[in-house]
Chemist: 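This is the structure I have questions about; it appears just below.
Everything quoted here is computed from the prediction, not taken from an experiment.
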Amino acid sequence: MIALFGPTASGKTAVAGVLRERLGGDVISADSAALYAGLPVITAAPGYPAKLVGVVPLQDEVSVAEYQRLAHAAIDASERPLLVGGTGLYFRAAISAMEIPPRGRREHWQAEVERLGPDAAHALLTDVDPAAAARVHPNDRKRLVRALELAEVGASLAPASDELWTEDTRVPTTIVALDVPLEVLDSRIEVRTRAMVEAGAVDEARRSWAQPLSDTARKVLGLEQFATLPEDEAVDAVTQATRRLARYQRKWLRRMPGVVTLDGNRSAAEVADEIIALGRARERLSGH
């Protein structure tokens, strides 16, 4: 498998399109927002067929564990999978052999933490999973709930070994990341945001915002802004939020082992050529 990671506006989609044509592969998205149906403009959905794009109704919640199940199935069904995305945790979940525990009785534990209070709930976590309790502050209710939820199914928020961040991958994988200077990213993001408006982002957002939405769907960047703000304010808000996201995505590169970083400030064809050469070299080494 070739796995291509990069921040928003780094050119991943264009490079993946070239790789798809030259290798005859299947592009598989590792983008949490792109999973949702009805938001092709806001999520910058590719103009070519891609798996795990627009497949989840807006009223449905999405978890990393559910995404991993879908991604592994898509990878296994493809002779030449091309994983592409910028959501770091989703990207690693697709590559990793470690099975992420599914969502458990979250509503139950949310109610329990509310009933017990943070200190008593944290004491309960200390009894069942001391390692996780050491990492979670009593006032961090979201992580406290997740830790109790995991402990109930025999997993932990603080596993003895974090397999998600090892170099081991579920299938042989060439992992490539695109690096683009921040000033270039910032410029591209503003241009892309304005292009979204021209392509109908406001109507798309308002139409979707009027529907029942899950909590995770509401967090899709650009949805609330384009749906509720005047156009000029929305463009500015989305541009600034996307720039912050791009900086956060760049930090994921430091956590990813086994990544080959390439200069993304070139044409998509040039980058694709280098990725193909890299992948073939690794296949020859693996064969030997």
Chemist: Which atoms form the tightest heavy-atom contact between A44 and R192, and what is the distance?
Modeler: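 Scanning both residues completely, I find the closest heavy atoms to be CB-NH1, 3.8 Å.
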
Chemist: Taking the six-membered ring of W209, is NZ or CZ of R218 closer than 6.0 Å to its centre and within 45° of its axis?
Modeler: yes

Chemist: Test of understanding: clusters of I, L, V, M, F, W, Y form through side-chain heavy atoms closer than 4.5 Å, transitively. Do I175 and V18 belong to the same one?
Modeler: no

Chemist: Give, for atom CD1 of I75 and atom CG of L83, the distance between the pair rounded to the nearest 0.5 Å.
Modeler: 5.5 Å

Chemist: Shortest non-hydrogen contact from A147 to A132?
Modeler: CB-CB, 4.4 Å

Chemist: Please report the shortest heavy-atom distance between V27 and P49, naming the atom on each side.
Modeler: CB-O, 4.4 Å

Chemist: Would you say I28 and M1 make side-chain contact, with heavy atoms under 4.5 Å?
Modeler: no

Chemist: Is there side-chain contact between T193 and I189, with at least one heavy-atom pair below 4.5 Å?
Modeler: yes

Chemist: Which residue pairs satisfy the ring-ring contact (aromatic ring centres under 6.0 Å, His included) criterion with at least one member in residues 22-76, sequence neighbours excluded?
Modeler: Y67-Y90

Chemist: Any non-hydrogen side-chain atom of V84 less than 4.5 Å from a side-chain atom of T13?
Modeler: no

Chemist: Can you tell me if K12 uses its side chain to pair, donor with acceptor, with the backbone of G6 under 3.5 Å?
Modeler: yes

Chemist: Kindly say whether I42 contributes a backbone atom to a donor-acceptor pair with the side chain of E204 at under 3.5 angstrom?
Modeler: yes

Chemist: Can you confirm whether V180 sits close enough to P7 that some side-chain heavy atom of one is under 4.5 Å from a side-chain heavy atom of the other?
Modeler: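 They are not in contact (no side-chain heavy atoms under 4.5 Å apart), so the answer is no.
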
Chemist: Exactly one of R243, Q249, R188, R247 should register a side-chain hydrogen bond (donor to acceptor under 3.5 Å, both in side chains) with T8. Which one does?
Modeler: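 The residue from R243, Q249, R188, R247 that satisfies side-chain hydrogen bond (donor to acceptor under 3.5 Å, both in side chains) with T8 turns out to be Q249.
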
Chemist: For A16 and L82, work out which heavy atoms get closest and say how close.
Modeler: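 So the two residues come closest at O-CD1, 4.5 Å.
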
Chemist: Check whether any side-chain N or O of S29 sits under 3.5 Å from a backbone N or O of D31 as a donor-acceptor pair, and report yes or no.
Modeler: yes

Chemist: At what distance, to the nearest 0.5 angstrom, does CD1 of I2 lie from CD1 of I275?
Modeler: 7.0 Å

Chemist: Donor-acceptor pair, distance only, cut-off 3.5 Å: does the side chain of R20 make one with the backbone of A50?
Modeler: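 Not a single qualifying donor-acceptor pair exists.
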
Chemist: Could you check if a side-chain atom of S208 sits within less than 4.5 angstrom of a side-chain atom of L223, using non-hydrogen atoms only?
Modeler: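 When only atoms from C-beta onward are counted, L223 and S208 do touch, with a gap below 4.5 Å.
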
Chemist: So which heavy atom on P40 is nearest to which on G38, and how close?
Modeler: CD-C, 3.2 Å

Chemist: Search all heavy atoms of V220 against all heavy atoms of A33 and return the closest pair with its distance.
Modeler: CG1-CB, 3.9 Å

Chemist: If you round to the nearest 0.5 Å, how far is CG of D140 from CZ of R135?
Modeler: 13.0 Å

Chemist: Inspect the contact between E190 and R194 and indicate whether a charged nitrogen and a carboxylate oxygen are less than 4.0 angstrom apart.
Modeler: yes

Chemist: For the OG1 atom of T242 and the CG atom of D186, what is their distance to the nearest 0.5 Å?
Modeler: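 Reported value, rounded in 0.5 Å steps: 10.5 Å.
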
Chemist: Check the hydrophobic clustering (I, L, V, M, F, W, Y; side-chain heavy atoms under 4.5 Å; chains of links allowed) and say if V41 and V197 are grouped together.
Modeler: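 Cluster IDs for V41 and V197 match.
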
Chemist: If you round to the nearest 0.5 Å, how far is OG of S267 from CG of D273?
Modeler: 7.5 Å

Chemist: Short question: side chain of T174, backbone of G279 - any donor-acceptor pair under 3.5 Å?
Modeler: no

Chemist: Hey, does W109 have a side-chain heavy atom less than 4.5 Å from the side chain of L144?
Modeler: no

Chemist: Between D76 and R170, is there a side-chain N and carboxylate O pair less than 4.0 Å apart?
Modeler: yes

Chemist: Any donor-acceptor pair under 3.5 Å linking the side chain of Q225 with the backbone of A237?
Modeler: no

Chemist: Can you find a heavy atom in the side chain of L178 that is under 4.5 Å from one in the side chain of L4?
Modeler: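 L178 reaches L4 side chain to side chain.
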
Chemist: Output all residues satisfying side-chain contact (heavy atoms from CB on, under 4.5 Å) with R266, sequence neighbours left out; order by chain, then residue number.
Modeler: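 Per chain and number, R266 pairs via side-chain contact (heavy atoms from CB on, under 4.5 Å) with L262, D263, E270, V271, E274.
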
Chemist: Could you give all pairs that pass the side-chain hydrogen bond (donor to acceptor under 3.5 Å, both in side chains) test and reach residues 114-131, with sequence neighbours left out?
Modeler: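 Only E112-R115, E114-R141, D129-S156 qualify under side-chain hydrogen bond (donor to acceptor under 3.5 Å, both in side chains).
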
Chemist: Please tell me if the side chains of L58 and L39 come closer than 4.5 Å, counting only heavy atoms from C-beta onward.
Modeler: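 SC-SC contact between L58 and L39 confirmed.
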
Chemist: Is it true that V15 and V184 fall in one hydrophobic cluster, defined by side-chain heavy atoms closer than 4.5 Å?
Modeler: no

Chemist: How long is the gap from OG on S63 to CZ on R146, to the nearest 0.5 Å?
Modeler: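 Between S63 OG and R146 CZ, I get 7.5 Å after rounding to 0.5 Å.
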
Chemist: Would M196 and V202 show up in the same hydrophobic cluster when neighbours are defined by side-chain heavy atoms closer than 4.5 Å?
Modeler: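 In one cluster with M196: V202, yes.
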
Chemist: When clusters are formed by joining ILVMFWY residues with side-chain heavy atoms under 4.5 Å apart, either directly or through shared neighbours, do V238 and L185 land in the same one?
Modeler: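 No, it is not one cluster - the side chains of V238 and L185 are not joined through contacts under 4.5 Å.
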
